[in-house]
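Worksheet for the structure shown next.
Along the sequence shown, residues carry numbers from 1.
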Amino acid sequence: MTFTVEINDPLPGTRNHEPITFTVEGDLHEPLWWALLDSGERVLCQRLDAGSGEGRTAFVVVLSFTGSARLTLEAPCLDTPADGIKVLTGKEADCFVRLDTGAFDLELCSGTAQGLGSSKWGIRHFRATSDGFELLPSGNNAIGGFYGPFFTPENGLINPPEHTTVHIEVVERGPVLHHYRMHGTIPDGLLEELKGKSFTIDWRFTHNTPFFQRKYQVDDFQTVINGRSVTSKITVGDEFEGGPGKLVFDRFAAYGGTRYRAGDPYAGELVAMVADTVANSANEGPKFEEFRTQLADIEAAHWDLYWRLFCAWEGVLGEDELRERLSRVRAAAHVKADLNDRPWILTEEPVDVSAVPHETIFPGPATKTVEFDQTSGRAMIWWTSQASGAFQIVQRRQSGWVNWGSNGENECPELPVGVDIKTAYGPFADRWKVVADQLESPPAVTVT
C-alpha cells in the first residue's frame, strides 16, 4: 500500500527544517524509512515507538518548504544514514547526553543535588552550530529548570533546583528525533500541601530544526503564593550568561506590545535579609559559618546563594528563625510590590531591561516573547500553548546573567502545568514575530 502525506502551511513564508509527524495504517516495524518528495528528493522518516501499534505506525520527518509539500512513503532505509543528529562527548560529570542536532550543540544534564550552581539539571551548555556562540559557558546555570511554588520552603522564597536529580528516560532516539523524558521528585520544604510531589519533563530535539520543544507535567497541587491561590501553575526559568559586563541578550519584547513594571522590590528585601542574617544571626553552626564566608561579599556572590541561605533543604538556619525571617521579607515585599511608585508601562518598542531599576521587569500575560541582542541579532523566542500570566525578565549587566521566567512578582508562578513550549534560537531579531507565528501555527498534515 502506498501512503501519501500532504503538508500545507497556514502561514506565508518558508519553513526551515520543520518537524512533521504523521501516522499511517498498518504495522511497519523498520526504524527508518525513505519518503519521496514530488521534487524527486528522498527524505528520511523515523518511526516513533510512541504512537505506533494496534495497526498504526507513527513517523517524524524534517522538511524545508514554502507553502506546501507532498511526500510518498517509499521503502525501509536499510543503511545507516550519513546525516542526522549526532551524539558527542559531554563536558559535565552529570551529562546524560550531548547532542549536535545540526542547528544546536547542547548538553542535557541530570543534576547532582549538591546545592551548587553547577548542580542543576536541564540544558547546561547551549550554542548554535552556525556561529559557535555559547549561551552557558560556565555550566553554572541552566535552560529549563522549574522553580516556584516547588523548591519553596515558604511563600516566594525558592529552594533551588540544585537540590534534586532527575532520572532521564529515552523515549525516542534516531537520526531525525531525540525525545527524552526527565523524571524527578520534588524535595519537601515546609509547606505540607507541596510535599510528596513528582514531575516529568519531555524534551524533543529534531535534526537541523532551529527550535526545540518541551512540556512540564507536575502532580496536582494547590497552595498560596504572594497572597494568592495557586493551582497547578509553575515557574519555568531559562538562564543565560555572558560574563561580567556582557549580556547575551540586551532587549525583551512581547508579541503585540510589552506591558510591564520595572524593578524588583522583593529582591531588595531578600538581599537586605541576607545581609542582616549574615551579620546578626545568633546561629553558630558549621553550615551557617560556611555560608557566612561565601556571602562575605554579597555583590560578588552567586545569586543562588541568596535563596539557599533560606532553604529548608540546606539546614543553614533553624526552622523557627527561617520562618520568622521569611515572614518579614514576605510582608515587606507584598506591600512594596503593590505600591503606586512603579507604574505600568505600555510600549511597542523592545525594552532595555538593564537600564531599569534592579535590571528586572515584570511583563504581563503573553504567549509569544523574545530576548535578543541588538548588535548580533541573535534571539531566543518562546511560544507557549497557553499564556503565562506574567514573566520575570532579568538582564543583569554587572554579572552578565540573563533570565526568562514564567512568574510574577514575589516569585508567584504563572505558567499552567502541561502547556507545550517551543523555543527557537538563531539570528532572528529582525523577524522574530514571523518565527513566533510559525512556532504557534504548525503546518497541517493529511495522510491518504
Asp94 and Trp121, any side-chain heavy atoms less than 4.5 Å apart: no

Indicate whether any N or O donor in one side chain lies under 3.5 Å from an N or O acceptor in the other, for Thr231 and Gln222. yes

Backbone N or O of Leu88 within a donor-acceptor pair of the Asp100 side chain at under 3.5 Å? no

Pairs in or reaching into residues 385-402: which pass salt bridge (charged side-chain N to carboxylate O under 4.0 Å, His left out), with residues at least two apart or in two chains? none

Could I get the full list of side-chain hydrogen bond (donor to acceptor under 3.5 Å, both in side chains) partners for Tyr260, not counting sequence neighbours? none

How would you list, by chain and number, every residue that makes a salt bridge (Lys or Arg N to Asp or Glu O under 4.0 Å) with Asp352, sequence neighbours excluded? Arg251

Spatial distance of atom CD1 (Ile421) from atom CD (Gln213) [nearest 0.5 Å]: 11.0 Å

Give me the atom names and distance for the closest heavy-atom approach of Leu11 to Asp437. CD1-O, 3.4 Å

Residue pair Glu371 / Gln395, side-chain donor-acceptor N/O under 3.5 Å: yes

List the residues meeting salt bridge (Lys or Arg N to Asp or Glu O under 4.0 Å) with Arg98, not counting sequence neighbours, and say none if there are none. Asp105

Asp238: side-chain hydrogen bond (donor to acceptor under 3.5 Å, both in side chains) partners, not counting sequence neighbours: Arg214, Trp382

Side chain Ser118, main chain Asn140, donor-acceptor under 3.5 Å: no

Over all heavy atoms of both residues, which pair between Pro187 and Trp313 is shortest? Give the atoms and the distance, please. CB-CD1, 4.1 Å

Show, in sequence, the C-alpha distance, side-chain angles and deciding distance for Phe291 and Glu314, and conclude whether the side chain to side chain contact (heavy atoms under 4.5 Å, CB included) test is met. CA-CA 10 Å; Phe291 270 73; Glu314 289 279 1; 3.9 Å; yes

Main-chain N/O of His178 paired to Arg173 side chain as donor or acceptor, under 3.5 Å: no

Using modelled atom types and a 3.5 Å cut-off, is there a donor and acceptor pairing between side-chain atoms of Glu269 and backbone atoms of Ala332? no

Residue list, ring pair (Phe, Tyr, Trp, His ring centres under 6.0 Å) with His17, at least two apart or on another chain: none

Do Ile381 and Lys368 touch side chain to side chain, with heavy atoms closer than 4.5 Å? no

Does the side chain of Ile298 come within less than 4.5 Å of Val271's, by heavy atoms? yes

Value rounded to 0.5 Å, distance of CD in Glu409 from CD in Glu414: 11.0 Å

Between the side chain of Arg15 and the main-chain N/O of Asp9, is any donor-acceptor distance below 3.5 Å? no

Within a strict 4.5 Å, meaning less than it, do heavy atoms of the Val278 and Arg292 side chains meet? yes

Tell me whether the centres of the aromatic rings in Phe126 and Tyr425 are closer together than 6.0 Å. yes

I'd like to check the salt bridge (Lys or Arg N to Asp or Glu O under 4.0 Å) partners of Asp131; sequence neighbours left out, ordered by chain and number. none

Hey, are the side chains of Val224 and Glu193 touching, using non-hydrogen atoms and a 4.5 Å cut-off? no

Hey, what's the ring geometry for Phe104 with Phe212, parallel, tilted or perpendicular (30° and 60° as the breaks)? perpendicular

Enter the distance from Arg124:CZ to Ser138:OG here, rounded to the nearest 0.5 Å. 9.0 Å

I'd like to check the ring pair (Phe, Tyr, Trp, His ring centres under 6.0 Å) partners of Phe22; sequence neighbours left out, ordered by chain and number. Phe59

So how far is it from Glu411 CD to Ile225 CD1, rounded to the nearest 0.5 Å? 9.5 Å

Got Phe310 and Leu322 here, is their nearest side-chain heavy-atom distance under 4.5 Å? yes

For Phe65, check ring pair (Phe, Tyr, Trp, His ring centres under 6.0 Å) against everything at least two apart and list the hits. none

Separation between CG of Asn208 and CG of Asp83, rounded to the nearest 0.5 Å: 6.5 Å

If only atom types and distance count, is the side chain of Gln438 paired as donor or acceptor with the main-chain N or O of Thr14 below 3.5 Å? yes

For Cys311 against His163, the heavy-atom pair lying closest together: SG-CE1, 3.9 Å

Glu290: side-chain hydrogen bond (donor to acceptor under 3.5 Å, both in side chains) partners, not counting sequence neighbours: Gln294

Side-chain ion pair, Lys336 and Asp341, N-O less than 4.0 Å: no

Might you point out which heavy atoms bring Pro19 and Val60 nearest each other, and give the distance in Å? CB-CG2, 4.5 Å

With salt bridge (Lys or Arg N to Asp or Glu O under 4.0 Å) as the test, would you mind laying out the steps for Lys91 and Glu107 before giving the verdict? CA-CA 8 Å; Lys91 301 177 182 179; Glu107 187 160 329; 5.9 Å; no

Pairs satisfying salt bridge (charged side-chain N to carboxylate O under 4.0 Å, His left out), at least one member in residues 420-434, at least two apart: Lys215-Asp420

Per the ring pair (Phe, Tyr, Trp, His ring centres under 6.0 Å) rule, what does the pair list look like for residues 353-373, sequence neighbours excluded? none

May I ask you to decide if the ring planes of Trp203 and Phe205 are parallel, tilted or perpendicular, using 30° and 60° as cut-offs? parallel

Is there a donor-acceptor pair closer than 3.5 Å between any side-chain N or O of Glu241 and the backbone N or O of Gly400? no

Are Leu99 and Leu108 packed together at the side-chain level, in the sense that at least one heavy-atom pair is separated by less than 4.5 angstrom? no

I'd like to know if Arg181 and Glu169 make a salt bridge, using a cut-off of under 4.0 Å between side-chain N and carboxylate O. yes

Would the number of heavy atoms belonging to other residues, nucleotides or ligands and lying under 6.0 Å from CZ of Arg228 be above 12? no

What is the ring orientation for Trp307 with Tyr266, classed by angle as parallel under 30°, tilted 30 to 60°, or perpendicular over 60°? parallel

Side chain to side chain contact (heavy atoms under 4.5 Å, CB included) between Thr209 and Thr101, worked out: CA-CA 8 Å; Thr209 303; Thr101 70; over 6 Å; no

Please check if atom CG in Asp297 has more than 12 non-hydrogen atoms from other residues, nucleotides or ligands closer than 6.0 Å. yes

Within a reach of under 6.0 Å around CD of Gln398, are more than 12 heavy atoms found that belong to other residues, nucleotides or ligands? no

Please report the interatomic distance CG(Leu309) to NZ(Lys287), rounded to the nearest 0.5 Å. 11.0 Å

Between Arg330 and Glu324, is there a salt bridge with N-O shorter than 4.0 Å? no

Is there side-chain contact between Phe211 and Val435, with at least one heavy-atom pair below 4.5 Å? no

Got a donor-acceptor contact below 3.5 angstrom from the Ser406 side chain to the Ile234 backbone? yes

Closest contact, heavy atoms only, Ala366 versus Ala254: CB-CB, 4.2 Å

For residues Thr66 and Gly13, report the shortest heavy-atom separation together with the two atoms involved. CG2-O, 3.6 Å

